[in-house]
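In each ligand, atom 1 is the first atom listed, and ligand 1 is the first ligand listed.
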Amino acid sequence: MDTFVIQGGQRLQGKTRINGSKNAALPLTAAALLTDGPVTLRDVPDLADLKNMYRLLAELGCMRLTEPPAAEKGVLKLHTQNTTNSHARYEIVKTMRASICTLGPLVAKRGYAKVSMPGGCAIGDRPVDLHLRGLAALGAEITLTAGDITAKSPKGGLRGATIFLGGAFGSTVLGTANVMSAATLAKGVTIIESAACEPEIVDLANMLNAMGAKIKGQGSPRLIIEGVKELSGIDHTVIPDRIEAGTFLLAAAITNGDIVIDNCPMDGLLAVVDKLAAMGIHIQPVSSAPGIPPAVDPMRASVRVTCDRTIRPVEVTTQPHPGFPTDIQAQLMAVLTLADGNSVVTERIFPDRFMHVAELSRMGAKLYRQGATVIVSGVKKLIGAPVMASDLRASACLVLAGLAAEGTTHVHRVYHLDRGYEKMEDRLNALGAKIERVDDKDLPGSAQGGEG
Ligand code: EPU
């Protein structure tokens, strides 16, 4: 397993570009199952989660047409060539929860799907009851046997319905993706109330519409979908990753840096920008090259990030979009550990998503957790320490803390980070960070810990 060895205290400076969004790309690739035509996706990040998705799609008969190194960077071509296997096996699903987004497309297009029930993970229980309730409302017969969810469409195919998709923690992102994708091929009109409004859902709806679907209301809690007979192939560019962008904004802030970020989806980050402004982190639009005016596309802006010498504390509560995203909570907390006063961080999406708290404390942060709230009492400095990554965004949080800490930080198990950030160390090093990726067994005096 790899570890990042980070020499803290380097101020980030320079320019970086945000990659295509992982959380948009995952349901977009699954949507290739909805059509007999070829699907080309552009600006697809090179990430472990996506590689697992290609492996799953290949098992389901949806093949990757060109593999690296022949494939152009970021370009993914998929084409369904065989529909005999519709079983997403546990062996793959356990490596990637987003495998669940094959369920809706498979049952809609093939009339049958068997997808292993995803388990919980480090950030919480993560049930899929709303996905199943939505598909059942479209007429699918859902059964659970031996850990597999089986969905069968009724004679004549799925039927449009009015569905309330909200749960105790608000809307569901992948649940909306599943039900919306399935409804594109259902007979009649589907209304999804309390749909997720995340930009990744808007991207999926836009791609499906370009394939011939009739979806209205994307970006709002009410989706109206008029079913069509079939969807065609498509060539689509994935939206930039707002979570990666938020992570770089915070990396600049925690190092008191000054960086320019290209391809930054500002329109998907309004709650984050608002909170960062209150903390004294300034984000201004700039032109991507001399003589070119700042980009007009608010999803692909170029921005300069600078920061006041003193970071101000804030109160933040995670919420479904357009609220503050849970996927940036951990990275924000890393920065708040160095704020001048007490901050309050409340997690409303995944109330147990605080695995980073104990690790930040090992670096000298002062954190007090009460249920789904953490009080962050700002300290003057963090001190480098060995810490353990537990999930994707917790890893990013620890990398940010390591960038700012005095001395050396070892972030173990960065395979979690690799699931969602492409070549993170190279990109941060290009901005002046000092991060080395080391195989654990090459670390002096390394002892492998157990999960306990
Ligand atoms: N929920 C239910 N029932 C369901 C589905 C969800 O109760 O059937 C609950 C969840 O337990 C949670 C809330 O609803 O409390 C929201 O979960 P959601 O379904 O929206 O999460 P998801 O779709 O499984 C996606 C992202 C996550 C991100 C969440 C919330 C992908 C691949 N994953 O997960 O991203 O945190 O939405 O925005 O899109 C990450 O990238 O690090 C990550 C975990």
Side-chain angles (χ1 to χ4, degrees), residues 19-31 45 47-50 52-53 56 93 95-104 115 117-137 142 144 149 163-181 192 194-204 221 238-239 241-247 268 271-272 318-331 347-353 355-356 372 389-397 416-421:
N19 286 328
S21 158
K22 164 184 87 85
N23 287 350
L26 286 164
L28 292 174
T29 50
L47 298 172
D49 270 13
L50 280 149
N52 284 327
M53 185 60 116
L56 172 58
V93 174
T95 64
M96 182 204 37
R97 295 193 82 267
S99 312
I100 191 73
C101 28
T102 57
L103 185 64
V115 177
M117 177 83 126
C121 67
I123 68 174
D125 296 341
R126 308 194 72 182
V128 291
D129 56 311
L130 298 171
H131 301 233
L132 304 186
R133 178 138 58 90
L135 294 174
I142 310 278
L144 182 65
I149 302 160
I163 303 164
F164 180 76
L165 214 53
F169 299 96
S171 52
T172 161
V173 178
L174 293 182
T176 301
N178 250 331
V179 181
M180 176 173 81
S181 297
I192 304 178
S194 196
C197 304
E198 271 67 4
E200 294 75 22
I201 294 297
V202 176
D203 199 28
L204 175 62
V238 181
I239 53 168
D241 195 315
R242 65 195 168 102
I243 309 303
E244 183 180 281
T247 305
V272 176
T318 64
Q319 285 169 333
H321 193 76
F324 192 94
T326 171
D327 291 343
I328 303 185
Q329 177 258 109
Q331 302 91 309
E347 179 54 70
R348 285 262 161 78
I349 309 292
F350 297 110
D352 287 322
R353 195 177 199 175
M355 300 286 277
H356 43 287
S390 55
D391 70 78
L392 168 55
R393 307 304 171 188
S395 325
C397 152
H416 289 293
L417 188 83
D418 296 336
R419 285 187 38 228
Y421 296 90

Handout entry: Under the side-chain hydrogen bond (donor to acceptor under 3.5 Å, both in side chains) test, residues paired with E244 that sit two or more places apart
Key = R427
Practice task
Could you list the residues that satisfy side-chain hydrogen bond (donor to acceptor under 3.5 Å, both in side chains) with R353, not counting sequence neighbours?
Solution key: T326, D327
Check ligand 1 against [X] and write out every atom of the ligand that is under 4.0 Å from a heavy-atom position of the residue.
{"X": "L130", "answer": "2 (C), 3 (N), 4 (C), 8 (O)"}
{"X": "I123", "answer": "44 (C)"}
{"X": "R353", "answer": "36 (O), 40 (C), 42 (O), 43 (C), 44 (C)"}
{"X": "F169", "answer": "13 (C), 15 (O)"}
{"X": "S171", "answer": "16 (C), 20 (O)"}
{"X": "H131", "answer": "8 (O)"}
{"X": "T326", "answer": "30 (C), 36 (O), 38 (O)"}
{"X": "L392", "answer": "42 (O)"}

Taking all atoms of both residues into account, what is the closest heavy-atom pair of [X] and [Y], and its distance?
{"X": "L204", "Y": "A31", "value": "CD1-CB, 4.0 Å"}
{"X": "G166", "Y": "S194", "value": "CA-OG, 3.3 Å"}
{"X": "A271", "Y": "F324", "value": "CB-N, 3.7 Å"}

Exercise for the section: Quick one: do L26 and M96 satisfy side chain to side chain contact (heavy atoms under 4.5 Å, CB included)? Show the steps, please. Expected result: CA-CA 10 Å; L26 286 164; M96 182 204 37; 3.9 Å; yes
To which protein heavy atom is [atom] closest, and what is the distance rounded to 0.1 Å?
{"atom": "atom 36 (O) of ligand 1", "result": "D327 OD1, 2.6 Å"}
{"atom": "atom 23 (O) of ligand 1", "result": "L174 N, 2.8 Å"}
{"atom": "atom 20 (O) of ligand 1", "result": "V173 N, 2.8 Å"}
{"atom": "atom 17 (O) of ligand 1", "result": "F350 CZ, 3.9 Å"}
{"atom": "atom 34 (O) of ligand 1", "result": "R126 NH2, 3.1 Å"}
{"atom": "atom 26 (C) of ligand 1", "result": "N23 ND2, 3.7 Å"}
{"atom": "atom 4 (C) of ligand 1", "result": "P127 O, 3.1 Å"}
{"atom": "atom 41 (O) of ligand 1", "result": "R393 NH2, 2.8 Å"}

Under 3.5 Å, is there a donor-acceptor pair between the side chain of [X] and the main chain of [Y]?
{"X": "E347", "Y": "F350", "result": "yes"}
{"X": "R242", "Y": "P325", "result": "no"}
{"X": "D241", "Y": "K22", "result": "yes"}

Exercise for the section: State if R419 counts as touching ligand 1 under the rule of any non-hydrogen atom under 4.0 Å. Expected result: no
Problem - Worked check of side chain to side chain donor-acceptor pair (under 3.5 Å) between H321 and E200 - result: CA-CA 10 Å; H321 193 76; E200 294 75 22; over 6 Å; no
Exercise for the section: Indicate yes or no: at least one non-hydrogen side-chain atom of D203 is less than 4.5 angstrom from one of V238. Expected result: yes
